[in-house]
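Data block below; observations after.
Chain naming here is simple, since letters A, B, ... match the order of the sequence lines and numbering starts at 1 in each.
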Amino acid sequence: MQQELVKIITQAAKQAGFSVRGGVNVDYPQETYGDYATNFALQAAKTVKLSPKTIANNLRSHILNLRPDLFDKVEVAEPGFLNFFIAKKYLQDQVKEIVKQKEKYGEIKTNKQKINIEYCSANPTGPLHLGHGRGAFWGDTLANVFDKAGHKTTREYFINDYGKQILLFGESINARWQELLGQKPEIKEEFYKGEYVKDIARELMKKEEHAKLSEAERIKVFADIGLKKMLAETKALLEKAGVKYDVWFSERTLYKKDLVKKAIELLKKKGFTYEKEGALWFSSSKLGDDKDRVLKKANGEETYFASDIAYHLNKISRKYDLLIDGWGADHWGYKMRLMAAAKVLGFEEKLKIVVGQFVRLVENGQEVKMSKRGGVFFTLEELFNEVGPDVARFFFLMKSVDTHIDFNLDLAKEQSQKNPVYYIQYAHARISSILLKAGKSKSGARLNLLRHPSELKLIKELLKFPDVIEDTSKDYQVQRLPQYAVELATSFHKFYQDCQVIPASPAGRSKDKNLSQARLVLTLAAKIVLKNTLELMGVSAPEKM
RNA sequence: GCCCCCGUGGCUCAAUUGGACAGAGCGCCUGGCUUCGAACCAGGAGAUUCUAGGUUCGAGUCCUAGCGGGGGCACCA
């Protein structure tokens, strides 16, 4: 609806001779002002030498000329807003349209893009924690929105299965394994120390052949086994939470195909590298980064940064129009250097990096430091065990990735029963129950009987859904979805309270029957949109609860 | 020290990207089931949007300075 209004206003502005710079803005004002509003006249007044009200009045007559059918009225308000009241007839007709489109409702016509979105991508050396959950839910939901917006989306997970930390992981397991054999190995400061490391070691005790290997070989074998196990657990957990992936991309393949070397060569050719103290450096400071970065260490190994450049070049070679990276808070400082590389290699415009903020775990008013190596942390799996995936997903999705979250576990447990997700699911279950009771509805309902304020409010809410998709696919602010879901549920609950859907007495008059039929169609439309919204968020839509 | 992010009722978060009276949930107070699901609805109390300046028709949002919290400043990933 917003988009349609934008088009109409744009056209009217052209007819009236106003230039449309920076686009037309349509928003939802307070109810008393109207259903939609535009500040176009206020904006235009900056360049045109006319008062905002004059512009608004002029625009208004052109709009009414273009679409007399669409509005009950269009008002000019101080200091120059233009407020739109949508015609009842139009609203009533839209209900039929929603029911017709069913699960396809909300799909919008956009310039179809091929999008790659990478999210979560936790190191495979430990279990997922809350921050990973936040990233995973955000990415998965955003990918759902992209699909709905008509884009071709690839969901990707980058597996850091190469480099020093893998060996460190193997050493950590090996040390625990030796402990179990009664030896007293050195537990180094930098080792991974969580219980899960001991669990892996314990499992390895079952096979005796490991004792025959040399220590170096054993560490490699253990690292591989540990890695596979952690990865399998990660996959299982994400699947349980409904987080989907199309591609699991292994860092090792970049080395196998020599892509890291090639990436470095490319940077050399562009003239943005130099050698210093035996290492190869990238002049990222010339491109906005704080300092230059090492691509190849003095010992001949490539850095993670180098392989990450190779990874992004690989994505570009797969012909995406847009690459989105969803990163954890600890990657803030890393953003500039990758953008610097993107500038040199010509994909700056295509790369969007979104860095989420920290999730702090708070217990008894004290922060609990989460660290894989320290071994103290609360895992995503534990959260699922406490509150279930639906509540967990909703809880994180509600919040903008820009805000720090103080996660209080006791409060989360206590409040999970009061979580707004149940409010929405309850609306869906209520609807399901009504539709079940009403039985099969007949076609040809007289939707022009829908006139009650609560009915019209509900319809208007339903019409916002495509706007939610449109906006979110552009600005990635997924918290809009849970917010919308709550508003929609509220509108339905209110409608339910005010408007009896199924007549109280079975022998009602035909007038009541017609109204009931119309309300049933509206109820069905509400169910469709509510379910659509829940599906985008990856939250279940129960028929009963 | 330098760079980045955040600061909104008691608590957890929104605010359509510069719009109209700052909105929800939780908690607190009051009312509503002999009719379709009360996990609901209606009403109430509770805000100097960290502080001080500035920009303009208009600021929670932009600029400057300060205060508070977090993160980053590796030849780790």
- Task: Pick base, sugar-phosphate or nothing for A:Asn39, based on heavy-atom distances below 4.0 Å to the nucleic acid.
- Result: base
- Query: B:A74 P sits how many Å from A:Gln165 CD, rounded?
  - Reply: 18 Å
- Item | Spacing between A:Glu75 atom CD and B:A20 atom P, to the nearest angstrom | 17 Å
- Is A:Glu487 salt-bridged to A:Lys457, going by a charged N under 4.0 Å from an acidic O? no
- Task: Let me know the distance between CG of A:Asn160 and P of B:C76, rounded to the nearest Å.
- Result: 15 Å
- If you look at every heavy atom in A:Leu351 and A:His312, which pair is closest and at what distance? CD1-CD2, 3.9 Å
- Task: Ignoring backbone atoms, test whether A:Lys418 places a side-chain nitrogen or oxygen under 4.0 Å from the OP1 or OP2 oxygen of B:G27.
- Result: yes
- Would you indicate which nucleotide in B:A15, B:G70, B:G37 comes nearest to any side-chain atom of A:Gln479? B:A15
- Query: Nearest nucleotide by nearest heavy atom, which residue falls closer to the 5' end of RNA chain B, A:Thr32 or A:Tyr422?
  - Reply: A:Thr32
- Query: Side-chain N or O of A:Tyr496 less than 4.0 angstrom from OP1 or OP2 on B:A38?
  - Reply: yes
Close N or O pairs between protein and nucleotides 41-45 of chain B (under 3.5 Å):
unit_1, atom_1, unit_2, atom_2, d
B:C41, OP1, A:Tyr423, OH, 2.4
B:C41, O4', A:Gln497, OE1, 3.4

- Task: Just call it for A:Ala429: base, sugar-phosphate, or nothing, with non-hydrogen atoms closer than 4.0 Å on any strand.
- Result: base
- Reckon A:Glu487 touches a base, only the sugar-phosphate, or nothing at all at heavy-atom distances under 4.0 Å? nothing
- Message: Once you apply a heavy-atom cut-off of 4.0 Å, does A:Ser400 come out as touching a base, just sugar-phosphate, or nothing?
- Response: sugar-phosphate
- Residue-phosphate contact under 4.0 Å: A:Tyr304 side-chain N/O, B:A77 OP1/OP2: no
- Task: Scan A:Asp161 against the nucleic acid and name what it touches under 4.0 Å (heavy atoms): base, sugar-phosphate only, or nothing.
- Result: nothing
- Pairwise C1' distance for B:C67 and B:G58, with rounding to whole Å: 28 Å
- Message: B:A14, OP1 or OP2 - any side-chain N/O from A:Thr403 closer than 4.0 Å?
- Response: yes
- Should B:G18 form a Watson-Crick or G-U wobble pair with both distances under 3.5 Å, which nucleotide is its partner? none
- Item | P gap between B:C3 and B:G9, integer Å | 29 Å
- Message: Under the criterion of centre distance below 5.5 Å and interplanar angle below 30°, is A:Phe81 classified as stacked on the base of B:A20?
- Response: yes
- Message: Classify A:Leu42 by what it touches in the nucleic acid, base, sugar-phosphate, or nothing, heavy-atom distance under 4.0 Å.
- Response: base
- Task: Output the single nucleotide from B:G69, B:G37, B:C76 whose closest atom is nearest the side chain of A:Arg360.
- Result: B:G69
- Query: Has A:Tyr33 got its ring stacked on B:A20, by the test of a centre gap below 5.5 Å and a plane angle below 30°?
  - Reply: yes
- Task: May I ask you to say whether A:Glu78 pairs ionically with A:Lys53, meaning some side-chain N is under 4.0 Å from a carboxylate O?
- Result: yes
- Does NZ or CZ of A:Lys464 lie under 6.0 Å from the centre of the six-membered ring of A:Tyr28, at an angle within 45° of the ring axis? yes
- Message: Less than 4.0 angstrom from a charged side-chain N to a carboxylate O is my criterion; do A:Arg252 and A:Asp224 meet it?
- Response: yes
- Task: For B:U55 versus B:U64, give the span between their C1' atoms, rounded off to a whole number of Å.
- Result: 11 Å
- Under 4.0 Å between any heavy atoms, over every strand shown, what does A:Met545 touch: base, sugar-phosphate, or nothing? Just pick one. base
- Message: Partner lookup for B:A47, please. Criteria are Watson-Crick or G-U wobble with both distances under 3.5 angstrom; report none if nothing qualifies.
- Response: none
- Quick one: do A:Glu118 and A:Lys315 make a salt bridge, cutoff under 4.0 Å? yes
- Query: B:U8 P sits how many Å from A:Lys399 NZ, rounded?
  - Reply: 14 Å
- Task: Starting from the 5' end of RNA chain B, give me the residue, A:Tyr162 or A:Val26, whose nearest nucleotide shows up first.
- Result: A:Val26
- Whole-Å distance, A:Tyr255 OH to B:A77 C1', equals 10 Å
- Message: Considering every strand and a 4.0 Å limit on heavy-atom distances, what is the contact class for A:Gln483: base, sugar-phosphate, or nothing?
- Response: sugar-phosphate
- Which of these nucleotides, B:C5, B:C36, B:A20, is closest to any side-chain atom of A:Pro29? B:A20
- Task: Tell me what A:Tyr334 touches on the nucleic acid: a base, only sugar-phosphate, or nothing, going by heavy atoms under 4.0 Å.
- Result: base
- Using the C1' atom as the reference point in each nucleotide, state the distance between B:G44 and B:G7 in Å, no decimals. 29 Å
- Message: Output the rounded distance in Å from NE2 (A:His428) to P (B:C40).
- Response: 17 Å
- Item | Side chain A:His331 and base B:G71 donor-acceptor under 3.5 Å | no
- Can you tell me how far C1' in B:G70 sits from the matching atom in B:G27, rounded to whole Å? 27 Å
- Message: Between B:C13 and B:C6, how far apart are the two P atoms, rounded to whole Å?
- Response: 14 Å
- Task: Nearest whole angstrom, please: distance from the P of B:A77 to the NE2 of A:His132.
- Result: 17 Å
- Query: Going by heavy atoms closer than 4.0 Å, what residues in residues 272-282 of chain A are next to RNA chain B?
  - Reply: A:Lys276, A:Glu277, A:Ala279, A:Trp281
- Query: Aromatic ring centroids of A:Tyr255 and A:Tyr162 under 6.0 Å?
  - Reply: yes
- Task: Would you check if A:Ser540 and A:Leu534 make a side-chain contact, meaning some heavy-atom pair closer than 4.5 Å?
- Result: no
- Task: Kindly indicate whether the side chain of A:Gln30 and the base of B:C21 share any N or O donor-acceptor pair separated by less than 3.5 Å?
- Result: yes
- Message: Suppose we define a pair by two distances each less than 3.5 Å, Watson-Crick or G-U wobble; what does B:U12 pair with here?
- Response: B:A24
- Task: With P as the reference atom in both, quote the distance from B:U12 to B:G54 in angstrom, rounded to an integer.
- Result: 32 Å
- Query: Any cation-pi pair here, A:Arg430 with A:Tyr496, using under 6.0 Å and within 45°?
  - Reply: yes
- Query: Looking at the side chain of A:Gln357, which of B:G25, B:A77, B:C5 is the nearest nucleotide?
  - Reply: B:C5
- Query: Is it true that A:Asp292 and A:Lys276 make a salt bridge, defined as a side-chain N closer than 4.0 Å to a carboxylate O?
  - Reply: no
- Task: Select base, sugar-phosphate, or nothing to describe what A:Lys474 touches, counting heavy atoms under 4.0 Å on all strands.
- Result: nothing
- Does NZ or CZ of A:Lys399 lie under 6.0 Å from the centre of the six-membered ring of A:Phe395, at an angle within 45° of the ring axis? yes
- Query: When we call it a touch if two heavy atoms are under 4.0 Å apart, what does A:Asp406 touch: a base, just sugar-phosphate, or nothing?
  - Reply: sugar-phosphate
- Message: Without decimals, in angstroms, what is the distance between A:Arg337 CZ and B:A77 P?
- Response: 11 Å
- Please measure how far the C1' atom in B:C26 lies from the corresponding atom in B:G46, and state the result in whole Å. 14 Å
- Which atom names give the shortest non-hydrogen contact between A:Asn83 and A:Ala37, and what distance separates them? OD1-CB, 3.2 Å
- Item | Side-chain-base donor-acceptor pair under 3.5 Å for A:Asp27 and B:A20 | no
- Message: Please determine whether a side-chain nitrogen of the Lys or Arg among A:Glu265 and A:Lys268 lies less than 4.0 Å from a carboxylate oxygen of the Asp or Glu.
- Response: yes
- Task: Verify the contact: side-chain N or O of A:Lys297 to OP1 or OP2 of B:A77, cut-off strictly under 4.0 Å; return yes or no.
- Result: yes
- Within a radius of less than 6.0 Å around NZ of A:Lys7, do more than 12 heavy atoms belonging to other residues, nucleotides or ligands occur? no
